[in-house]
Amino acid sequence: MDSLENNLQGVKTRIAAAARSCGRPVCDIVLVAISKSHPAAMIRAAFAAGLRDFGESYVQEALDKMQALNDLAITWHFVGPIQSNKTRALAEAFDWVHSVDREKIALRLSAQRPRTRPPLNVCVQVNVSGEATKSGVSPEEATKLAHAVAKLPRLRLRGFMAIPEPGGERAMQRARFEELARLKRQLAAEGLALDTLSLGMSDDLEAAIAAGSTMLRVGSAIFGARATATA
Ligand SMILES: *Cc1c(COP(=O)(O)O)cnc(C)c1O
């Protein structure tokens with residue numbers, strides 16, 4: 001587990017350098033460790049190293065790990081594609097869902113969020129130009145969906161999320177991220193203040209921070225390469 005601590009230190013150093021170079025306080029940026037395909041023991045080690053936020057992409061895999069780790073005060077984030085028959089499990093078990101891309105899904109999550117828990121934190125996933133996955137609404141549709149989500153009683157709309165295509169020049173990565181920052185400003189002008197941009201992964205966290213990311217989703221730079229090729 002030595003390398004996990006080294007990796008985490010390396011990621012923190014990158015975040016601090018990127019924040020400093022654009023004059024942003026590091027405390028405005030939450031690091032979510034994306035632990036999909038890694039075992040519960042790895043998450044336990046990362047928790048011991050100081051991480052509290054973990055993100056998963058597959059519902060059943062996540063539920064199994066939550067069970068194994070229920071003695072730890074973890075904030076759980078769901079970042080994967082959402083099937084409508086999985087919304088109840090998401091609404092019951094997670095603290096955040098980053099990948100809301102249809103009103104139907106938002107309605108189900110709100111209806112199924114247990115009364116005993118605070119409203120579910122959600123982001124609307126936006127398909128910025130060049131996005132590798134097909135998930136996410138277009139920037140044009142994003143503001144409409146955001147207004148609809150904001151009205152749902154058991155959801156708390158926090159912001160936008162995007163997964164741009166990996167690679168490319170930093171300037172190109174940043175231009176894609178800036179599209180989301182622009183959407184956030186537009187919504188603020190329309191009277192809907194949001195506090196979250198879920199942007200940036202292992203390869204592009206510097207560009208994301210420069211564009212205003214408040215939540216980084218970092219997997220391989222912390223845990224090492226994933227054994228299976230999961231998206
Ligand atoms: C896997 C995944 C990540 C982490 O990607 P890395 O390149 O390993 O940092 C971030 N966000 C989402 C939505 C993912 O599926």
Side-chain angles (χ1 to χ4, degrees), residues 3-4 6-15 18 29-40 42-43 45-46 49 51-63 65 74-83 86 90 94-102 105 109 121-137 142 158-168 170 172-174 176-177 179-180 196-231:
S3 68
L4 194 151
N6 288 342
N7 289 350
L8 181 57
Q9 201 48 54
V11 169
K12 284 185 177 169
T13 303
R14 284 174 62 193
I15 294 170
I29 303 163
V30 176
L31 175 58
V32 181
I34 305 297
S35 45
K36 65 184 180 209
S37 91
H38 297 294
M42 199 99 116
I43 299 176
L51 289 169
R52 293 296 176 267
D53 290 83
F54 292 88
E56 293 280 340
S57 294
Y58 305 97
V59 177
Q60 192 53 52
E61 179 189 335
L63 295 178
K65 291 179 198 174
I74 287 176
T75 299
W76 289 102
H77 299 251
F78 188 78
V79 300
I82 304 175
Q83 295 167 287
K86 298 288 167 59
L90 294 179
F94 282 83
D95 301 291
W96 283 74
V97 173
H98 292 229
S99 42
V100 172
D101 64 356
R102 323 197 272 297
I105 294 294
L109 289 172
N121 297 295
V122 302
C123 292
V124 165
Q125 183 175 352
V126 184
N127 193 335
V128 296
S129 45
E131 182 164 338
T133 69
K134 292 214 168 50
S135 316
V137 289
R158 301 297 295 268
F160 294 110
M161 182 272 247
I163 316 172
E165 196 168 82
R170 190 169 296 179
M172 169 62 85
Q173 295 171 348
R174 183 165 168 185
R176 291 188 182 134
F177 289 141
E179 239 176 287
L180 246 66
T196 301
L197 286 176
S198 169
L199 292 178
M201 318 204 299
S202 294
D203 290 334
D204 55 14
L205 66 87
E206 283 84 3
I209 289 170
S213 171
T214 63
M215 240 177 211
L216 302 167
R217 307 179 313 268
V218 179
S220 48
I222 295 173
F223 296 110
R226 286 178 289 277
T228 50
T230 51

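Indexing begins at 1, ligand by ligand and atom by atom, following the structure's order. In this text, all values refer to a predicted model and were calculated from it rather than measured experimentally.
Considering only heavy atoms from C-beta on, Val59 comes within 4.5 Å of Phe78 through its side chain. Between Arg14 and Ile209 the shortest side-chain heavy-atom distance does not fall below 4.5 Å.
Comparing Ser220, Gly55, Gly200 by heavy-atom distance to atom 7 (O) of ligand 1, the nearest is Ser220.
Heavy atoms of Ser202 found under 4.0 angstrom from ligand 1 belong to the backbone as well as the side chain.
Shown in contact with Val218 at under 4.0 Å from a heavy atom are these atoms of ligand 1, numbered in order with element: 9 (O). Shown in contact with Ile163 at under 4.0 Å from a heavy atom are these atoms of ligand 1, numbered in order with element: 13 (C). Of all atoms in ligand 1, listed by their number and element, those nearer than 4.0 Å to a heavy atom of Val79 are 12 (C), 13 (C). Near Lys36, the atoms of ligand 1 lying under 4.0 angstrom from a non-hydrogen atom of the residue are 1 (C), 2 (C), 3 (C), 14 (C), 15 (O). Residue Arg217 has at least one heavy-atom neighbour below 4.0 Å for each of these atoms of ligand 1: 4 (C), 9 (O), 10 (C), 11 (N), 12 (C), 13 (C).
Closest non-hydrogen pair, Gln83 versus Ile105, comes out as C-CD1, 4.4 Å. Taking both residues in full, the closest heavy atoms of Leu197 and Gly212 are given as CD1-O, 3.7 Å, listed atom of the first, atom of the second, then distance. Heavy-atom minimum distance, Met161 versus Val79: CE-O, 3.8 Å. Nearest approach of Gly136 to Asp101, heavy atoms of both residues: N-OD2, 3.3 Å.
Between His77 and Trp96, the two ring planes are parallel [angle under 30°; tilted spans 30° to 60°].
Under a 4.0 Å heavy-atom criterion, Asp203 is not in contact with ligand 1. The closest approach between any non-hydrogen atom of Ser57 and ligand 1 is below 4.0 Å. Heavy-atom distances between His98 and ligand 1 stay at or above 4.0 Å for every pair.
Residue-to-ligand polar distances place Gly219 within reach of ligand 1: an N/O pair is separated by less than 3.5 Å.
Side chain of Asp95 to backbone of Trp76: a donor-acceptor contact under 3.5 angstrom is found.
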